[in-house]
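Let me begin by presenting the structure, written as structure tokens, before commenting on it.
In each ligand, atom 1 is the first atom listed, and ligand 1 is the first ligand listed. Residues take their numbers from the sequence shown, with the count starting at 1. Because only heavy atoms are used, hydrogens play no part in the values below, and waters and symmetry mates are left out as well, while side chains stay in. Just so you know, these numbers come straight off a predicted model, no measurement behind them.
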Amino acid sequence: MADNENCKNSSSRKGHEQNEQRAKKSFNYCSHLFVLVVFAVGLVGGTLIGIYAYHGNKNDNSCLNQFSNGAGADTGGSVPHYTQIKTTPGGPILSTAPRTNTGQCPNKNPKDNTPYESSLFAPLTVKEMTEVSEILWLGKFITTVNHAPRSLEESFILYMYLFPPRKEDAIEYLYNNGSKPGRYAKVHIQRGAEHVPDIMEYKVGPLGHPGANVTPLTKPGEIHFNSRPYDGVEVKVLDDLLHNDMKVLETLMRESFDNATFPNELYIFYYNGPPRMTTEGRETRFVIGFPALEELDVINLLPLSGTVHNPGNNVSDWHPHSYYYLNQGPYSTVQGLVDAYKNNTIRKLRLPAGYRNTLRRKLFPEKDNSLPLREYADHPGARSYMPKGPRFSISGTNVKWMDWSFHISGGQLKGPALFDIRFKGNRIAYELAVNDIALEYAMDASGQNSIIYMDATYGIMGGVSRTKILNDVDCPSYAVVFNTSYWDSFSQKAFDMESICVFEADGQEALWRHVSPSFAGGMRNRHLIVRVPVVVGNYDYTLEFQFYLDGKIYTMAKASGYIQASFWDEHNPHASGDKTRDAFGYRVFEYQTGPIHDHMFGFKVDMDVIDSNNSLEVVHWKAGNILDALRTQSNITQVPPYFIYNQTRYVEYETMQEETGFRLNYDHQKMFVVVNENKKNKWGVKRGYQIAPLATGAQSLPDVHPAMKALSFTKYHVTVTKRKEEEPYLSSIYDINRMNNPKGYLDLMLNNESIVNEDLVNWVTVGFLHVPSSEDIPMTARVESGFLLKPFNFFDKTATFDMPQYYEEQGSTNVEHEPAFDACVEPNKEY
Ligand SMILES: *[C@@H]1O[C@H](CO)[C@@H](O)[C@H](O)[C@H]1NC(C)=O
Ligand SMILES: *[C@@H]1O[C@H](CO)[C@@H](O)[C@H](O)[C@H]1NC(C)=O
Ligand SMILES: *[C@@H]1O[C@H](CO)[C@@H](O)[C@H](O)[C@H]1NC(C)=O
Ligand SMILES: *[C@@H]1O[C@H](CO)[C@@H](O)[C@H](O)[C@H]1NC(C)=O
Ligand SMILES: *[C@@H]1O[C@H](CO)[C@@H](O)[C@H](O)[C@H]1NC(C)=O
Ligand SMILES: *[C@@H]1O[C@H](CO)[C@@H](O)[C@H](O)[C@H]1NC(C)=O
Ligand SMILES: *[C@@H]1O[C@H](CO)[C@@H](O)[C@H](O)[C@H]1NC(C)=O
Ligand SMILES: *[C@@H]1O[C@H](CO)[C@@H](O)[C@H](O)[C@H]1NC(C)=O
Ligand SMILES: *[C@@H]1O[C@H](CO)[C@@H](O)[C@H](O)[C@H]1NC(C)=O
Ligand SMILES: [Cu+2]
């Protein structure tokens with residue numbers, strides 16, 4: 001039973017930690033189960049918040065039935081009750097008597113049993129991925145292994161994900177009774193078995209039918225082998241290659257790093273991208289670190305680094321070089337470094353004895369039992385649940401809620417995507433998709449300076465990244481959880497992981513309100529959330545889409561997790577006098593500098609305002625003198641006398657003629673509105689949706705920086721292009737590894753094509769700058785960025801007045817309320 005799952009004693013999880021002098025005080029995870037519900041205010045329906053009277057003994061480890069009436073229930077004088085509300089005839093009728101019905105709330109699974117594959121845009125399933133791998137192995141002999149590849153001389157599947165149908169075909173099927181497009185996979189093959197190794201991409205399908213086609217999407221040799229992303233197979237080869245050097249370093253490591261040895265107490269971190277500018281070379285930088293927290297611990301990186309020359313797949317050509325120790329080097333061989341170390345010609349580091357054993361206690365995100373508990377912190381906090389069961393429904397991966405509908409999609413590289421977003425019967429967007437997440441670091445550390453990550457290269461939703469929904473942390477326990485699948489190149493198998501949750505959120509604030517002497521009205525801001533918490537190495541990104549009752553869509557990206565640190569060197573010659581900060585960041589922990597970097601989230605926003613025939617209007621927010629303002633519309637020559645000042649704000653409307661990239665600039669503010677010239681609202685105005693970036697940062701590197709082509713999506717906040725099937729994404733997963741000759745970057749799409757009355761895509765990039773501070777240790781607490789899609793003359797009026805709401809006229813019986821509900825107890829999730 002689920003309850004028992006929750007009753008684990010936290011100490012058992014870390015029972016293996018013998019060397020820690022920490023109080024093994026056990027926490028009872030059950031305490032939130034001993035509850036009694038008291039409804040505070042009865043005005044609300046739909047999802048409501050319950051206030052729980054705490055009734056648990058935190059030292060009591062037994063787990064009683066949450067819902068047993070009487071036994072263990074201490075009413076403490078609190079009887080669940082409603083406050084009375086008045087109703088209009090035909091509206092909800094509530095009795096004035098206190099309610100005593102505290103039975104379990106109705107609970108049904110909003111998700112039916114329709115298989116994912118029957119949804120047009122569903123992410124590929126494990127079954128489909130397995131089918132693809134069998135076709136490529138048995139049917140076509142494109143791969144040379146169907147199990148874990150042991151060398152780079154094999155041809156194997158790197159990644160695969162849904163190849164979405166052509167938009168034209170999908171629209172025909174969805175809107176015009178066209179035939180249903182088949183399901184196809186896009187597959188990336190690392191062809192190490194070829195005479196000249198390369199990467200190939202294929203389209204495979206239709207899946208689920210005999211006789212699927214395998215269509216090459218690239219030409220042999222077109223994608224250079226050296227521009228491939230890192231994967232587990234290569235990392236294993238590199239680990240083996242460096243094994244001898246690590247032995248040579250044993251004394252240096254023991255003396256410097258608190259008696260640590262490789263590979264038990266030290267590990268090699270490789271992902272300090274990019275490998276080099278050109279595809280002719282592949283130079284992989286590595287840094288030694290303590291795996292104190294996890295396999296990929298990037299907080300405890302140490303000042304020992306090197307580079308492996310590793311182009312191609314002939315490993316006997318590979319060799320390490322450019323060793324650095326405390327930024328002293330380069331030494332072309334490990335022996336060179338060891339000699340210099342032994343003859344005391346270089347500066348040395350001595351971490352204090354026992355330091356390593358303190359890391360877990362200091363850096364794991366566990367409750368610090370040396371700190372006193374805050375008042376009432378042992379009581380469960382406020383909660384939301386659904387008194388009459390879910391108001392949304394899910395079939396396959398198609399979701400419906402309150403006149404909204406959309407399809408959940410996505411893939412392992414680019415992450416989550418939504419398709420065919422409709423509100424009140426109108427298409428709003430054809431595709432709303434995460435495309436890439438770029439980070440650029442600056443730090444004073446060998447092996448790590450100028451790191452650039454493009455996370456889609458590693459996989460945002462599978463690949464290097466893994467996901468798991470933390471029940472009641474990421475999403476409320478009543479949320480529906482979706483699995484998505486990813487292809488694991490290391491084992492050549494497909495896996496499922498919990499990655500997406502969908503739920504109605506209790507906004508707990510007004511979406512709109514007004515209170516006057518004669519009436520009071522308001523609407524609670526309930527909204528539907530599709531949330532995807534992914535983990536790309538050290539960072540956790542929560543990507544989410546929020547659907548509002550008035551037609552707004554918020555797309556948000558939130559960051560948390562561990563920062564990537566660089567070693568804080570007490571005697572850093574480049575630091576200021578007090579040594580607690582250098583040109584790239586502050587000291588944030590014992591031996592850690594928090595290096596500055598940014599997080600830039602790139603999205604594809606294929607708006608279809610009613611249909612695909614759209615234009616982009618830019619509303620320029622201006623200020624100037626009265627005549628300038630009026631002359632934008634007429635040939636007036638005299639300032640009309642009623643203007644009391646000479647200066648005014650005004651707006652100028654511009655219909656963008658050609659593909660353009662825009663940067664936000666507070667001195668010249670702009671609003672971006674996608675309009676449909678052929679559709680007008682009741683007032684004759686072109687119907688539209690505004691795209692409002694909620695960015696706090698912008699790319700600051702100049703165009704001459706070597707990464708700025710590959711990363712050109714970070715140069716703009718909004719970029720409008722004509723939609724093309726052959727321009728599906730704003731970046732390429734290979735460009736970071738071929739920066740001198742990138743081939744799939746956003747700037748390439750900007751070739752002055754006309755965008756008036758066309759099918760448009762707006763590429764939206766938002767993000768923030770990160771100067772880590774001590775509060776980023778151990779965990780960065782949520783930082784966020786995003787953008788808003790807002791109806792803009794789309795409706796004739798605010799679109800919420802078909803909903804039950806709160807309205808009351810002074811001295812009148814004209815009273816409206818949200819639907820009534822019976823007091824009930826939050827159910828166990830059964831789905
Ligand atoms: C949809 O197409 C099918 C088969 O092509 C046809 O039988 C059916 O009548 C069509 N329905 C509508 C509403 O056009
Ligand atoms: C260092 O570790 C070794 C085992 O690898 C151990 O035998 C030795 O006692 C340790 N030295 C110190 C100073 O802790
Ligand atoms: C691999 O490289 C080594 C050393 O350069 C060379 O002797 C060998 O022939 C190469 N192997 C292949 C298959 O090219
Ligand atoms: C110390 O070793 C380094 C590296 O081998 C060498 O370049 C240097 O000359 C040596 N210095 C002395 C004083 O032996
Ligand atoms: C979802 O994925 C998890 C993790 O692999 C697995 O345990 C679970 O059975 C999957 N659920 C479904 C419905 O496939
Ligand atoms: C303003 O005057 C110019 C030339 O006199 C004329 O071509 C134009 O149509 C006028 N515009 C408006 C808005 O009246
Ligand atoms: C406003 O503009 C008028 C006409 O250009 C000018 O005569 C007057 O001095 C201005 N007033 C101020 C306060 O600048
Ligand atoms: C697009 O137009 C701009 C300005 O007219 C010009 O500088 C640029 O070269 C053009 N780009 C292409 C790809 O034609
Ligand atoms: C788009 O709208 C314009 C303006 O009404 C019209 O001329 C054009 O034919 C439309 N294009 C399509 C593809 O419907
Ligand atoms: Cu950060």
Side-chain angles (χ1 to χ4, degrees), residues 2 5 109-119 122-130 245 248-249 251-252 304 306 321-326 328-348 394-397 408 410 412 416 459 461-463 465-471 474-475 477 479-488 491 493-502 531-535 654 656-662 703 709 712 715-716 719-722 724 727 742-743 745-756 829-831:
E5 278 298 306
N109 190 347
K111 196 158 173 274
D112 68 14
N113 290 325
T114 308
Y116 287 2
E117 301 92 293
S118 67
S119 293
L124 289 189
T125 62
V126 165
K127 191 168 146 239
E128 289 173 322
M129 290 185 176
T130 307
D245 277 19
V248 176
L249 288 165
T251 305
L252 178 151
L304 175 58
H321 62 91
S322 301
Y323 274 96
Y324 282 87
Y325 172 80
L326 270 181
Q328 302 164 105
Y331 294 94
S332 56
T333 64
V334 72
Q335 198 55 53
L337 167 58
V338 167
D339 289 348
Y341 181 85
K342 282 203 177 127
N343 72 16
N344 294 316
T345 50
I346 57 174
R347 195 156 63 82
K348 294 185 179 179
I394 301 175
S395 178
T397 67
I408 294 178
Q412 68 179 118
M461 202 165 67
S465 109
R466 295 289 182 268
T467 68
K468 177 182 170 56
I469 304 287
L470 305 180
N471 186 27
D474 286 317
C475 326
S477 58
V480 169
V481 173
F482 276 86
N483 278 8
T484 57
S485 310
Y486 63 94
W487 181 260
D488 179 55
S491 61
K493 284 201 179 83
F495 294 96
D496 245 353
M497 59 186 181
E498 290 185 350
S499 48
I500 301 174
C501 69
V502 180
R531 183 171 288 162
V532 191
V534 302
V535 190
E654 182 185 13
M656 298 311 301
Q657 301 296 311
E658 289 180 349
E659 299 178 319
T660 317
F662 301 92
D703 282 4
K709 269 187 183 168
S712 60
K715 299 196 301 189
Y716 317 106
T719 306
V720 58
T721 66
K722 187 170 157 178
K724 294 192 178 144
E727 292 177 351
K743 291 175 179 156
Y745 55 98
L746 182 60
D747 268 350
L748 281 178
M749 296 186 208
L750 292 175
N751 51 357
N752 298 348
E753 282 173 278
S754 167
I755 53 165
V756 180
K829 185 171 168 175
E830 282 158 5
Y831 45 84

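- Atoms of ligand 8 found under 4.0 Å from any heavy atom of Asn751 (numbered from 1 in listed order, with element): 13 (C).
- Considering only heavy atoms from C-beta on, Thr660 stays 4.5 Å or farther from Leu750 through its side chain.
- Residue-level proximity to ligand 5 for Asn483 is carried by the side chain, the only part with a heavy atom below 4.0 angstrom.
- Side-chain contact between Ile346 and Tyr341: present, with at least one pair of heavy atoms (C-beta onward) separated by less than 4.5 Å.
- Checked by atom type and distance alone, the side chain of Ser485 never pairs as donor or acceptor with a backbone atom of Thr125 at under 3.5 Å.
- Residues Val338 and Thr251 form no side-chain contact, since every pair of their non-hydrogen atoms from C-beta on lies 4.5 Å or further apart.
- Taking the centre and axis of the six-membered ring of Phe482, the NZ or CZ atom of Lys111 falls inside the cone set by 45° and 6.0 Å.
- Side-chain contact check for Ser477 and Asn471: no donor-acceptor pair (N or O, by modelled atom type) lies under 3.5 Å.
- For Asn752, a nitrogen or oxygen atom sits less than 3.5 Å from a nitrogen or oxygen atom of ligand 8, counting backbone and side chain alike.
- A heavy-atom distance below 4.5 Å is not found between the side chains of Asn483 and Phe495.
- Contact residues for ligand 4 (protein heavy atom closer than 4.0 angstrom to any ligand atom): Gly336, Asp339, Ala340, Asn343, Thr345.
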